[in-house]
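Here the structure comes first, spelled out in structure tokens, and everything after it is commentary.
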Amino acid sequence: MFLIKNLSRITPTRSSVVTGFRNPGSFTLSSRFCTTLHQQESQIQSPAVDRNQYAGLGPTREGEKPRVVVLGSGWAGCRLMKGIDTSIYDVVCVSPRNHMVFTPLLASTCVGTLEFRSVAEPISRIQPAISREPGSYFFLSNCSRLDAQNHEVHCETLTDDSNTLKPWKFKIAYDKLVVASGAEASTFGIHGVTENAIFLREVHHAQEIRRRLLLNLMLSDTPGISKEEKQRLLHCVVVGGGPTGVEFSGELSDFIMNDVRQRYAHVKDDIHVTLIEAKDILSSFDDRLRRYAIKQLNKSGVRFVRGIVKDVKPQKLILDDGTEVPYGLLVWSTGVGPSPFVRSLDLPKGPGGRIGIDEWMRVPSVQDVFAIGDCSGYLETTGKPTLPALAQVAEREGKYLANLLNEIGKANGGRANSAKEIELGVPFVYKHLGSMATIGRYKALVDLRESKDAKGISMTGFVSWFIWRSAYLTRVVSWRNRFYVAINWFTTFVFGRDISRI
């Protein structure tokens with residue numbers, strides 16, 4: 001009885017917990033979650049509280065490590081987090097996904113060559129400090145606004161649907177901010193693309209493609225369905241002749257040749273793949289490699305159409321010459337452009353609407369803000385060309401900036417507004433290591449030239465396919481996922497692709 005009475009004295013009431021937790025000045029999950037405690041009691045008593053606004057991580061104090069806030073979990077952001085010295089900095093990552101996608105192998109997951117988890121690497125494995133260190137965090141949120149003057153970012157939590165918690169708004173103070181939020185698929189303002197096409201940039205895109213493909217295969221075998229509807233359901237259209245579009249077309253043709261013809265014998269002669277491109281496919285590759293790719297894809301049953309898409313309707317798309325192309329599955333892969341968040345930032349922009357940066361990845365107009373990856377590009381004043389939106393570019397920018405921030409931290413410049421007089425050293429220099437693309441049927445392209453006009457090694461065929469697989473297997477981030485990928489490749493080779501629609 002004595003114990004119960006004492007517990008009742010120290011246990012807060014439900015109303016006090018809710019009020020204190022939702023109050024803008026009292027979001028204190030721990031002592032690190034700001035804000036000034038002497039203001040907390042007076043704010044709790046205030047009746048006019050915006051229940052959708054919350055505090056967050058306040059400025060770092062004396063004796064605490066400076067804080068690096070990373071917006072995004074793509075190639076650039078994850079490579080930076082992997083290389084950052086967590087004995088110098090606390091790391092806070094804000095991203096709408098808690099993993100990195102190994103995009104070169106994403107097309108293989110659409111047809112069952114690989115399982116989806118094989119290409120998803122949890123951020124906590126890339127930078128263990130996020131789940132271990134007391135001052136490092138990962139927040140499943142979107143950044144909505146940058147307040148560079150006060151060294152703060154405004155964030156809002158990600159919610160799946162109306163059944164989850166309402167979006168939770170909070171602020172994070174930073175000493176160094178790295179914008180690595182990536183880009184979004186470019187639709188060129190064409191009507192109907194967003195509503196009817198599927199992009200291929202995230203794991204959930206690959207899952208949707210796989211479900212739609214298998215659903216169409218099964219629906220097309222339904223008794224009483226017309227010949228025209230059957231052909232529409234089984235027509236897979238890919239718009240965009242870059243590496244992603246070509247690799248997906250190759251994987252899809254392999255799936256049709258090796259699996260559909262055996263397990264869906266009733267529809268094997270009606271399923272087709274069409275690749276639509278306005279100019280030349282694989283424009284960054286050597287001309288000889290492009291001709292080889294076209295020849296091999298034609299042998300696999302992929303039909304090429306040169307044209308510009310003018311309109312996309314629910315069951316057909318219309319080209320610039322008026323041609324109507326019915327489809328059951330439409331995959332859109334025409335490059336990338338700046339995201340709404342990047343466009344909303346009041347920062348100088350480079351070519352294409354990217355965040356403008358100098359040779360050290362800094363945003364020159366504000367202090368302690370850096371930008372890397374697809375969301376950034378050199379300002380015209382630097383005299384440097386905009387780098388392509390490639391994984392190897394983003395990865396190397398992330399590695400460079402991690403080393404630069406480590407050197408700044410060692411020189412006591414990790415705090416906000418404390419690196420003005422520090423010598424930054426050698427600027428970033430990008431050297432292209434070459435390009436690779438698989439085209440199905442155990443064949444691939446390897447182009448090791450530094451640029452399209454330079455001389456270098458270029459290969460095709462089975463040897464190139466072996467190099468492609470070996471290179472990407474070694475580039476997979478963790479040993480766990482390397483093991484998954486190798487096992488998936490082996491089981492697919494022995495037993496074929498999984499055709500379960502889950």
Side-chain angles (χ1 to χ4, degrees), residues 73-75 78 97-126 198-215 217-218 236 238 243-264 271 273 296 300 329 331 333 391 395 436-446 461-502:
S73 57
W75 281 87
C78 286
R97 67 183 187 199
N98 70 341
H99 59 273
M100 169 193 163
V101 180
F102 193 80
T103 48
L105 298 179
L106 188 59
S108 298
T109 65
C110 299
V111 295
T113 305
L114 295 176
E115 292 298 323
F116 299 111
R117 291 195 178 275
S118 300
V119 299
E121 192 68 47
I123 293 174
S124 59
R125 289 182 179 270
I126 297 173
I198 305 175
F199 305 110
L200 187 52
R201 294 182 55 79
E202 304 285 351
V203 172
H204 67 85
H205 293 150
Q207 291 172 327
E208 187 177 356
I209 290 171
R210 179 173 171 79
R211 287 178 59 82
R212 181 79 59 84
L213 176 62
L214 294 174
L215 176 64
L217 278 170
M218 290 180 280
C236 305
V238 182
T244 301
V246 169
E247 289 189 333
F248 176 70
S249 300
E251 288 282 354
L252 196 53
S253 64
D254 264 6
F255 176 63
I256 294 169
M257 299 282 288
N258 300 330
D259 299 273
V260 172
R261 292 184 183 276
Q262 294 180 13
R263 306 179 192 186
Y264 292 93
I271 186 167
V273 181
Q296 293 301 319
S300 300
L329 172 66
V331 177
S333 177
E395 183 183 30
M436 297 186 292
T438 179
I439 53 177
R441 300 179 68 184
Y442 304 107
K443 293 178 175 61
L445 314 174
V446 174
F462 177 79
V463 174
S464 297
W465 175 83
F466 183 79
I467 293 173
W468 177 86
R469 280 209 165 181
S470 301
Y472 282 135
L473 184 62
T474 59
R475 298 301 296 165
V476 173
V477 178
S478 68
W479 281 103
R480 184 196 69 161
N481 277 21
R482 290 175 196 170
F483 179 77
Y484 282 166
V485 169
I487 291 297
N488 288 165
W489 280 340
F490 177 75
T491 53
T492 298
F493 177 77
V494 175
F495 302 108
R497 294 170 177 84
D498 180 24
I499 59 170
S500 303
R501 184 174 184 268
I502 302 173

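For the numbers below, each heavy atom of this structure counts, side chains included, while hydrogens, waters and symmetry mates do not. Quick note: residue numbers are just sequence positions, from 1.
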Which heavy-atom pair separates [X] from [Y] by the least distance, and what is that distance?
X: Ile499; Y: Leu214; value: O-CD1, 3.6 Å
X: Cys78; Y: Ser73; value: SG-O, 3.4 Å
X: Ala471; Y: Met436; value: CB-CE, 3.6 Å
X: Val238; Y: Ser249; value: CG2-OG, 3.7 Å
X: Thr492; Y: Thr113; value: OG1-O, 3.0 Å
X: Thr438; Y: Lys443; value: OG1-O, 3.4 Å

(message) Between Tyr472 and Trp468, is the ring centroid distance below 6.0 Å?
(response)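 Yes, ring centres under 6.0 Å apart.
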(message) Do Leu252 and Val331 have side chains that approach each other closer than 4.5 Å (heavy atoms only, starting at C-beta)?
(response) no
(message) Quick one, Leu200 and Ile209 - any side-chain contact, counting heavy atoms below 4.5 Å?
(response)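 With C-beta onward as the side chain, the pair touches.
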Just checking [X]: does its [atom1] atom have more than 12 heavy atoms from other residues, nucleotides or ligands closer to it than 6.0 angstrom?
X: Phe116; atom1: CZ; answer: yes
X: Arg475; atom1: CZ; answer: no
X: Arg469; atom1: CZ; answer: yes

Is the backbone N or O of [Y] less than 3.5 Å from a side-chain atom of [X], with the two atoms forming a donor-acceptor pair by type?
X: Asn488; Y: Glu115; value: yes
X: Thr109; Y: Leu105; value: no
X: Arg211; Y: Ile502; value: yes

(request) Using distance alone, with no hydrogens and no angle criterion, decide if Trp489 and Ser108 have a side-chain donor and acceptor under 3.5 Å apart. (result) no
(request) May I ask you to check whether Arg201 and Thr103 show a side-chain donor-acceptor distance below 3.5 Å? (result)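 The criterion, which ignores hydrogens and geometry beyond distance, is not satisfied for Thr103 and Arg201.
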(request) Working to the nearest 0.5 Å, report the span between CD of Glu251 and CG of Leu106. (result)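 Spacing of CD (Glu251) from CG (Leu106) equals 10.5 Å.
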(request) Enter the distance from Phe199:CZ to Thr244:OG1 here, rounded to the nearest 0.5 Å. (result)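 Taking CZ in Phe199 and OG1 in Thr244, the distance rounds to 13.0 Å.
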(request) Determine, stepwise, if the pair Val260 / Leu217 fulfils side chain to side chain contact (heavy atoms under 4.5 Å, CB included). (result) CA-CA 9 Å; Val260 172; Leu217 278 170; 4.1 Å; yes
(message) What verdict does the side chain to side chain contact (heavy atoms under 4.5 Å, CB included) test give for Cys110 and Phe248, after you've listed the backbone C-alpha separation in whole Å, the side-chain angles of each residue and the deciding distance to 0.1 Å?
(response) CA-CA 8 Å; Cys110 299; Phe248 176 70; 3.7 Å; yes
(request) Could you tell me how the ring of Tyr442 sits relative to the ring of Trp465: parallel (under 30°), tilted (30 to 60°) or perpendicular (over 60°)? (result) perpendicular
(request) List the steps, then state whether side chain to side chain contact (heavy atoms under 4.5 Å, CB included) holds for Phe102 with Val485. (result) CA-CA 11 Å; Phe102 193 80; Val485 169; over 6 Å; no
(message) Determine whether His99 and Val203 satisfy the following criterion, side chain to side chain contact (heavy atoms under 4.5 Å, CB included), listing intermediate values before the conclusion.
(response) CA-CA 10 Å; His99 59 273; Val203 172; 4.2 Å; yes
